[in-house]
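One-based numbering along the sequence shown.
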Amino acid sequence: MIHVLPNKLSSFLSPQLLPFLASGGLWRRPQVAYSTNEESRAKPVGRYPVPNKKDMPYDIVELMEEVEMKTGFLPNVFKAMSHRPAEFRAFFAYYNAIMNKDTGRLSKADKELIIVATSVVNRCPYCVVAHGALHRIYSKQPALADQVIVNWKLADLSDRDLAMLEFALAVCRADNITEEHFQKLERHGFDREDAWDIGMISAFFAMSNRIAHYIDLRPNKEFYTMGRMPHGEKEEAEHA
């Protein structure tokens, strides 16, 4: 079992993400460490209680505080998973292994789009909202994730993106996977290792979606507005 979270924040949130998570004024918010004050406890993030900070293992507290300090808020999935420290470590370690790997042909935007499309099928509000926000940030396309949420077949997707999502959704729905699925991916530049990555993201987030479902995990309000407009336009609107 993992006893220490390796490299703390960098293992779970890529360096490129942090400045964007701060867009729209998040850097200007007071940077307060993770807390379990009365107000936060009055607004549960799900069905299971979030442990008091003093009762959490130090490595988990350290990670949660660093995430909140860097981003301006703490995504509720960190709070919810802290209910089971050993599973928290395993969950985020695997998340890191598939989402922050340096090899393969999937961009960060590709990965987030897979999560959005499959989480819609799995009826997971938390993952649809949170990863829709991350897709907007990575892709710099503020409308595409919303289009995929409504109807991915009518979204402004390239043939490559369509092939990628077709495979991901076949895994998500537990369709019979045939050689034809792999051949279609290959025609659009994806090899067998890329197919593994697409399938693994779909499979991992099927599990994540179902965890979020039964614990009634709710999205942070910050996710709804992230990446909706370029940072400069956001600042101009705020000062208009």
| field | Electrostatic pair Arg105-Asp110, nearest N-O below 4.0 angstrom | value | no

| Lys108 and Asn100: side chain donor to acceptor below 3.5 Å | yes

| Between Asp55 and Lys53, is the closest basic N to carboxylate O distance under 4.0 Å? | no

| task | Look at Asp159 together with Lys184 and state whether they make a salt bridge at an N to O cut-off of under 4.0 Å. | result | no

| message | Counting only heavy atoms not in His188 (residues, nucleotides, ligands), do more than 12 fall under 6.0 Å from its NE2? | response | yes

| query | Do you reckon Val50 sits in the same ILVMFWY cluster as Tyr214, going by side-chain contacts under 4.5 Å, direct or chained? | reply | yes

| message | Strictly distance-based, threshold 3.5 Å: is any side-chain N or O of Asn76 a donor or acceptor partner for the main-chain N or O of Leu217? | response | no

| message | Give me the atom names and distance for the closest heavy-atom approach of Leu169 to Ala117. | response | CD2-O, 3.6 Å

| message | Ignoring hydrogens, what is the shortest heavy-atom contact between Ser82 and Ile60? Give both atom names and the distance. | response | CB-CG2, 4.4 Å

| request: Take the angle between the ring planes of Phe92 and Phe78 and call it parallel below 30°, perpendicular above 60°, tilted in between. | output: parallel

| said: Is the distance between the ring centroids of Phe190 and Phe167 under 6.0 Å? | reply: no

| request: Run the salt-bridge test on Glu186 and Arg192 with the 4.0 Å N-O cut-off and return the result as yes or no. | output: yes

| field | Exercise: identify the closest heavy-atom pair between Asp216 and Arg218 | value | OD1-NH2, 2.9 Å

| query | Can you check whether Tyr224's main-chain N or O pairs, donor with acceptor, with Arg228's side chain at less than 3.5 Å? | reply | yes

| Nearest heavy-atom neighbours spanning Pro125 and Pro219 | O-CG, 3.8 Å

| request: Compare every heavy atom of Ser202 with every heavy atom of Thr118, then report the nearest pair and how far apart it is. | output: CG2-OG, 3.6 Å

| message | For a quick test of reading the model, state the closest non-hydrogen atom pair linking Ala109 to His135 and the distance between them. | response | O-CD2, 3.2 Å

| request: Please examine the side chains of Arg187 and Gln183, heavy atoms only from C-beta on, and report whether any two atoms are closer than 4.5 Å. | output: yes

| Which of parallel (below 30°), tilted (30 to 60°) and perpendicular (above 60°) describes Phe73 and Phe223? | perpendicular

| task | Using a cut-off of 6.0 Å, state whether more than 12 heavy atoms not belonging to Tyr48 lie near its atom OH. | result | no

| task | Let me see the working for Lys111 and Asp197 under salt bridge (Lys or Arg N to Asp or Glu O under 4.0 Å), right down to the final yes or no. | result | CA-CA 9 Å; Lys111 294 175 182 180; Asp197 291 338; over 6 Å; no

| query | Under 3.5 Å, is there a donor-acceptor pair between the Arg210 and Asn122 side chains? | reply | yes

| query | When the ring centroid of Phe205 is compared with that of His131, is the distance short of 6.0 Å? | reply | yes

